[in-house]
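Everything on this sheet refers to the single structure shown next.
Every chain is numbered from 1 and lettered A, B, ... according to where its sequence line falls, protein lines coming before strand lines.
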2 protein chains.
Amino acid sequence: MSSTRAKAVPDRRRAILDAAVRVFARQGFHACRVSDIADEAGVAYGLLYHYFPSKEEVLNTLFLERWGVMLEMIREVDRKPVPVREKLGAIASFIIDSYRHDPDLMKVIIVEVTRAANSFGQTHLGQIREAYRLIGEIVTKAQQEGIFKAEIDAEFAAMTFYGAIEQVLTGWIFGLLPQGDEDLERAKQMVVETVCGGLEC
Amino acid sequence: MSSTRAKAVPDRRRAILDAAVRVFARQGFHACRVSDIADEAGVAYGLLYHYFPSKEEVLNTLFLERWGVMLEMIREVDRKPVPVREKLGAIASFIIDSYRHDPDLMKVIIVEVTRAANSFGQTHLGQIREAYRLIGEIVTKAQQEGIFKAEIDAEFAAMTFYGAIEQVLTGWIFGLLPQGDEDLERAKQMVVETVCGGLEC
DNA sequence: TCGCAGATTGACTGATCAGTCAATCTATCC
DNA sequence: GGATAGATTGACTGATCAGTCAATCTGCGA
């Protein structure tokens, strides 16, 4: 099969998705043309429509691919018998490392989907909500164990936690905060420190 | 002069701005047509271009009007000789009360400008940054007074604080969080409580 | 070698919409 | 009551671009 061959058939679908990440990150979803994506991928205009029914569906695919990995990761972390701080720390680490590994993709997901609740966020509200719900569950358990204050609403705490991380990523994306390797590492600690500090009894 | 007359000349410019808030909130800036705004304002299409050079400039005007008030409010609060918690509490209250008073306007500002850093956020990055800077200053002072931990970067703390508030507003805007009067009041306390709790020594 | 299916091409179409502009209206002042 | 300036109108234009489609290419099995 092709996946075992050294010189496999070029995967145009993947090339289109990767090109789209770069183009969306550079120009934004609405500002770019489908031809920009095709050009960036080194592929004819019409081929995009061979693999995807629309420009929108390209963005949807990018988002769902990545968001699914994150949700799965949160579920997995939650299953482990470790303290809250460690769970939240793992989530913060995962998101921040995702940014380190592929800043363009995270920029697209945050700017065009997660923070664009009017357009694509609307479509994916369910997925986004699920992330809040999972984080909220972690908070609830910590409250039941008497580690977190019971009087703060868990969903609310989850939004605060995720909101803080996303805001920091946004700061990096738009050059409002320094983003050396040490900065990313410190950010992980600081987010968890700040939020847990405020929530613990 | 007209402002003293009971039946003053109708202020079409204002009518257009108010209509734009409703239309942008309902359909989003990119998805709506200029004719939608004109219709909503009960005014001819061309009149919008008599008062504004472009559709964009209508949104810019709405944003700058409101953001300017907020920046001035933060500066004023900072001048008062009150504890940090009270300062941050006043900021949270102002933003949340702004939402209570005119949810459509806040939705537009957050969804189309503040969180749309790719399009309009870019244009207004300076204004947005200024808010972070002012909040960061408040945090810095608290650190100098020994009330807040010195090891957390002030700009970072400012983003966490503002990010948490904005995320909660976003939750209300898109129906992810309950938004009764009590919820709004509790949110003010919870945001300040959580962030200060995490930052205090 | 032939024929087929799927991959690939890019010119073209149809719809959309921001912005223009010449015409008309209205208020005000002399 | 006439003249002027600014307000108001809405039909029209020009550009843009997502999506279509018929034509061509390529790899592979018979």
Side-chain angles (χ1 to χ4, degrees), chain A residues 1-24 26-63 108 112-113 116 118-120 123, chain B residues 1-24 26-63 108 112-113 116 118-120 123:
Chain A
M1 53 189 82
S2 70
S3 64
T4 59
R5 297 284 317 283
K7 206 53 188 271
V9 177
D11 184 349
R12 314 293 211 170
R13 196 185 118 96
R14 192 73 248 167
I16 290 169
L17 285 171
D18 292 345
V21 168
R22 275 170 274 144
V23 173
F24 291 161
R26 197 189 310 132
Q27 307 173 231
F29 177 82
H30 290 290
C32 82
R33 287 165 291 169
V34 171
S35 64
D36 293 331
I37 303 173
D39 290 351
E40 177 83 23
V43 132
Y45 184 91
L47 193 61
L48 189 142
Y49 289 93
H50 181 68
Y51 289 109
F52 302 94
S54 67
K55 184 188 176 187
E56 262 196 44
E57 196 52 32
V58 175
L59 179 56
N60 288 342
T61 304
L62 289 172
F63 170 75
V108 170
E112 306 293 346
V113 186
N118 237 12
S119 42
F120 286 99
T123 318
Chain B
M1 57 189 79
S2 69
S3 63
T4 60
R5 295 287 315 285
K7 204 70 190 257
V9 177
D11 185 349
R12 315 291 213 172
R13 196 185 118 97
R14 193 72 250 166
I16 290 168
L17 286 171
D18 292 345
V21 168
R22 274 169 278 148
V23 174
F24 290 161
R26 197 189 311 134
Q27 307 174 233
F29 177 82
H30 290 291
C32 82
R33 285 163 294 164
V34 170
S35 64
D36 293 331
I37 303 174
D39 290 352
E40 176 84 23
V43 132
Y45 184 91
L47 194 62
L48 190 142
Y49 289 93
H50 181 68
Y51 289 109
F52 302 94
S54 68
K55 183 186 177 189
E56 261 195 44
E57 195 53 32
V58 175
L59 178 56
N60 288 342
T61 302
L62 289 172
F63 170 75
V108 170
E112 305 293 346
V113 186
N118 236 12
S119 44
F120 286 98
T123 317

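Contacts of F52(B) with the nucleic acid, taken as non-hydrogen atoms under 4.0 Å apart, are absent.
Taken to the nearest 0.5 Å, the OG1 atom of T61(A) stands 11.0 Å off from the CD atom of E56(A). Between atom CG of residue L17(B) and atom CG of residue L48(B) there is a gap of 9.0 Å, rounded to the nearest 0.5 Å. The distance from atom CG of D18(B) to atom CZ of R22(B), rounded to the nearest 0.5 Å, is 6.0 Å. Rounded to the nearest 0.5 Å, atoms CD (Q27(B)) and CZ (R33(B)) are 7.5 Å apart. Taken from NE2 in H30(B) to CD in E112(B), the straight-line distance is 6.5 Å, to the nearest 0.5 Å.
Taking five base pairs at each end of the helix from dT1(C)-dA30(D) to dC30(C)-dG1(D) and finding the rotation axis that steps the C1' atoms of four pairs onto the next four gives two axes whose angle is 10°, to the nearest 10°.
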Practice prompt. Evaluate the criterion side-chain contact (heavy atoms from CB on, under 4.5 Å) for residue pair F29(A) and V113(A); output intermediate values, then yes/no.
Written response: CA-CA 10 Å; F29(A) 177 82; V113(A) 186; over 6 Å; no
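At dA7(D), none of the side-chain N or O atoms of R12(B) fall inside 4.0 Å of OP1 or OP2 (strictly under the cut-off).
In this entry the distance linking CZ of R13(A) with C1' of dT8(C) reads 17 Å, nearest Å. Spacing between atom CG of D39(B) and atom P of dT9(D) amounts to 11 Å, rounded to whole angstrom units. Regarding H50(A), its NE2 atom lies at a distance of 8 Å from the C1' atom of dT8(C), rounded to whole Å.
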Response to the item:
In 5'-to-3' order, the base (B), backbone-only (S) or no-contact (-) status of each nucleotide in nucleotides 10-25 of chain C, using a 4.0 angstrom heavy-atom cut-off, is BB-----SBBB-----
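You'll find the side chain of K55(B) reaches within 4.5 Å of the side chain of C32(B), heavy atoms only. Taking the side chain as every heavy atom from C-beta outward, F24(B) and V58(B) approach each other to under 4.5 Å.
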